[in-house]
Visitor: 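Could you have a look at this structure, given as structure tokens, before my questions?
Numbers restart at 1 for each chain; the letters A, B, ... are given by sequence-line order, proteins then strands. Model, not experiment: these values are computed from the prediction.
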Amino acid sequence: MDKPITLREELGIAWKIAGIRLRGQMAYRTSFWLQIFGNFFTNFAEVLALFAMFYQFDTLGGWTLGEVALLHGISMIAFSLGDLLTVGMDSVAPQIRSGDFDRVLTRPLGSWMNAATSEFSLRHLGQALQGVLVLGFALTQVEIAWSIDKALLVPVMFISGIALFMALFTIEAIFSFWTVNGVEAINAFTYGGSDLAQFPMHIFGRSLRFIFFWIVPVGFITYYPALYLLEKPDPLGMPDWFVLLGPVITTIFCAVVSWGWNQGIRHYRSTGS
Amino acid sequence: MPIIDVHRLEKTFPIKKHRTGAMGSIASLIRGDNGGEFTAVNNVSFKIERGEMVGYIGPNGAGKSTTIKMLTGILVPTSGEATIAGLVPWEKRKQLAQKIGVVFGQRTQLWWDLALIESLELLRHLYRVPEERFRENLATATDLLGLGEFLHTPVRQLSLGQRMRGDLAAALLHDPEILYLDEPTIGLDIVAKEAIREFLITLNRDRQTTVLLTTHDLDDIERLCPRIIVIDHGEVMYDGQLASLKSRWGGRRQLIIDYAGDPDAAIASMGNGDMAVTEVDGPRVTIAFDRDEISAPDVLTRASAFGEIRDMSIQEPEIEDVIRRMYDGSIPAGM
Amino acid sequence: MYLELAKRSFQQQFAYRAATLAGLFTNSVFGVMLSSVYLALYWDKADGVSVAGFTAQQTVTYTWLGQALIMPVVFWGWWLIVDTIRTGTVVMDLLKPMDFFRFWLSRDLGRAAAQVITRGVPTLLIGALLFDLVWPESWQRWAAFLISVPFAVTVSFCLRFMMNLWGFWLLDHRGISSIMLVVSGVFSGHLLPIAWYPAPIRDLLNVLPFRSMLMTPVEIWLGQISIVHGLSLQLFWTTVMIGASYALLQVAERKVVVQGG
Ligand SMILES: Nc1ncnc2c1ncn2[C@@H]1O[C@H](COP(=O)(O)OP(=O)(O)O)[C@@H](O)[C@H]1O
Ligand SMILES: [Mg+2]
């Protein structure tokens, strides 16, 4: 076993471990379903707000209920699955503070993979399920002329969306390698970003658009794909091929985050016992 | 080629200057804390051959844990080099993890909410241990460490001794070439300590696993480690055989003599430099002597002039004393 | 003594500077975002048209008031009493010669007062810089709004207090946590103006106490309700909620005594 572990092997291991952890959770079946249900319930407000808004108004920035619901569905699914795959990141900050992060670094798994999978919970499936329902509703409301390129776009859109949120959830952990103060400001980008991605980008002002296109590129994960699927012209006047920028920028973003993570690991100080 | 090769390793920690407020944390984020530095490990070098069992000892805060953390890849050193089983730990952390086992006495590698056996199962996947090998290792560990009675207990309910044994088994599932133990016996009762020592001896003998062990418990050292490295204030003070440390700096052996009756009072002033009476307690007299200067039978002969001797025993110098004196600076550092 | 407690937790708040700035930033980002969303709803409406009682400008003002009051009023995640149950200090608190409810209320009011200054006012100022807000039309309305905030905090406190006492029984607050989120998030009018919901939901929320936490103060600010009506509504619900808190506390105390602490 002298060969370095491959990514595929790492994923396989993470998968198996998640399975074992999950079986443990399933043992308490009622609490397991309660968690999923609670998560569903907690995120219900967003959907309620959407429908209530369209109860009073006909359009939002010129978009219909079905069109905005499409954005909601995509964003909720990407956000909740991204969250699901990085549940362990929530405990990185406390682990760094207590020094328990040591053990993440003594395992033969990539530190990120190990940290992300150090905990696992299917709770977030509640929100994902809701996203699927909203998306299903949207598809009954809008007409999409399906074609091969559109069908290909769907998986690309979800994968880059999930990856982007995973990266966002990692950033908070990265900051905690340096400081414990004020880390919660990142919430403006994670939760704020997922909320923002539920609406068409052209309704936001210049500075919000700049931040959420070019710094935290959540704008690319729902807005351009939705425009493309719906064959709507971009009110912001950007060309069609902007839809391809999503995956590209997400890749760059993830690369930067991954670099930041490695810097964080090198900076890790542990604690004096 | 030594399996552990450490060369001029150094680790400094920034001393936290308390900066308040968000501006403060942003500033320290950009500029780094520049409140000065504290050297926890300073210019440490040593080599350990495959199959050796070495005690790494020193007082609290000496830099033992910090060294171990660098040798596992948890911490990146400020400067210096280290090669562990051919790998630079902080660069090839993942690969190295497969070759080493780590046990931190104060911290568990196990999952609190899982039964011990489930934790071990998880580790089996993590370390890609073949099913068959896993079963063999588990059987051995169960046998030697007596895991059987608590294999199915959640880790959070285990006693410290049980948890420690579980941790030890966990660290060895993947047949590591090197085992790092940081205070593995801290807080344990005699029985648990003894079980762990026995286990380590067997492991080292049967598998030639290299063991680097930090401890406060000098009994551990006496039982396990022919070689010790003593560190204080981050610097190596002694590296060599435990036995020669004792004989060269252990100073004097002690001869305890029980006379039939109270010996002649003049005994108190017996000897001249090569030996000295350190205690007279009724019929029991303690004489300290230097083995390079005078032999035990000679001491005995001279002591017999002061009364009829009924019994006697020789005490080797206590390692505690030696090391305590070394810490106090009464023994010159280095060799 | 209760005044002293309030003063102390007031002062404590000023220690968390980094958290305050981070929080202000988050509130502002959300404020800008939500304002943009609401304004987009009015794109196809003529200027000054009001929908269910709200013009675009009033909706934006509502948004920033909501963001400004998040911290002072506290709409979610406050489990300090449950925490003392876990650590066991609750027994000592109950044995002290003081009123358990007032002990916590005074501390909460002190905290809220501090956060009006550190979080509320700055958030509102940021909102005013970025958007054209509606301001109370008379000094009487300013005064009424200032009175309505402590009422809002008190109603919110009673809700949190009771939710925490519920923790006496459940010992795990995650389940209640999501209920709390809906009650104070939706029922208070924080998520959307209550007037926007379909009639049955709207009518229900209007007769529940929780609108005192946000909707009523906002209406006082915007002049959608008469001062006397708004404040007496809040006074009524505050009284009811305090009464309910004491009733629940009695039951809980009996339970703690039975358990023997
Ligand atoms: N993460 C850290 N940050 C700051 N100082 C540390 C850290 N870890 C250890 N130290 C300091 O370095 C010194 C050596 O610590 P350590 O290696 O844990 O000592 P030992 O294990 O020998 O007791 C101590 O003074 C300790 O306070
Ligand atoms: Mg230590």
Visitor: Among L236(A), L245(A), L208(A), which residue satisfies the side chain to side chain contact (heavy atoms under 4.5 Å, CB included) criterion with F213(A)?
Guide: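 Testing each of L236(A), L245(A), L208(A) against F213(A), the sole residue satisfying side chain to side chain contact (heavy atoms under 4.5 Å, CB included) is L236(A).
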
Visitor: Suppose we call two aromatic rings close when their centres sit under 6.0 Å apart. Are W214(A) and F220(A) close by that rule?
Guide: yes

Visitor: For Y38(C), which of F54(C), W196(C), F131(C), W64(C) qualifies under ring pair (Phe, Tyr, Trp, His ring centres under 6.0 Å)?
Guide: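 Of the listed residues F54(C), W196(C), F131(C), W64(C), the ring pair (Phe, Tyr, Trp, His ring centres under 6.0 Å) partner of Y38(C) is W196(C).
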
Visitor: As an exercise: rank D58(A), N187(A), L196(A) by heavy-atom pairs under 4.5 Å with chain C and give me the winner.
Guide: L196(A)

Visitor: Counting heavy-atom pairs under 4.5 Å to chain A, which of V29(C), V37(C), L191(C) comes out on top?
Guide: V37(C)

Visitor: Can any side-chain N or O of Q130(A) pair as donor or acceptor with the backbone N or O of F40(A) at less than 3.5 Å?
Guide: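 At least one qualifying donor-acceptor pair exists.
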
Visitor: Pick from V186(C), V183(C), L159(C), L214(C): which one makes a side chain to side chain contact (heavy atoms under 4.5 Å, CB included) with F75(C)?
Guide: L214(C)

Visitor: With M241(C), which of F210(C), F161(C), F157(C) fulfils side chain to side chain contact (heavy atoms under 4.5 Å, CB included)?
Guide: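 By the side chain to side chain contact (heavy atoms under 4.5 Å, CB included) criterion, M241(C) pairs with just one of F210(C), F161(C), F157(C): F210(C).
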
Visitor: Just give me the residue among F57(A), Y191(A), F212(A), F51(A) that pairs up with chain C most often, heavy atom to heavy atom, under 4.5 Å.
Guide: F57(A)

Visitor: Heavy atoms only, distances under 4.5 angstrom: which of N27(C), L41(C), L39(C) has the most pairs with chain A? Name it, please.
Guide: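 Ranked by contacts with chain A, first place is L41(C).
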
Visitor: Shorter than 4.5 Å, heavy atoms on both sides: which option in G205(A), G192(A), A52(A) has the most such pairs with chain C?
Guide: G192(A)

Visitor: Based on non-hydrogen pairs under 4.5 Å, which of Y197(C), W43(C), F25(C), Y42(C) is most in contact with chain A?
Guide: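 When all of Y197(C), W43(C), F25(C), Y42(C) are compared, W43(C) has the most.
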
Visitor: Given that the side chain runs from C-beta out, which part of F199(A) has a heavy atom under 4.5 Å from chain C: side chain, backbone, both or neither?
Guide: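 Interface part for F199(A): side chain.
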
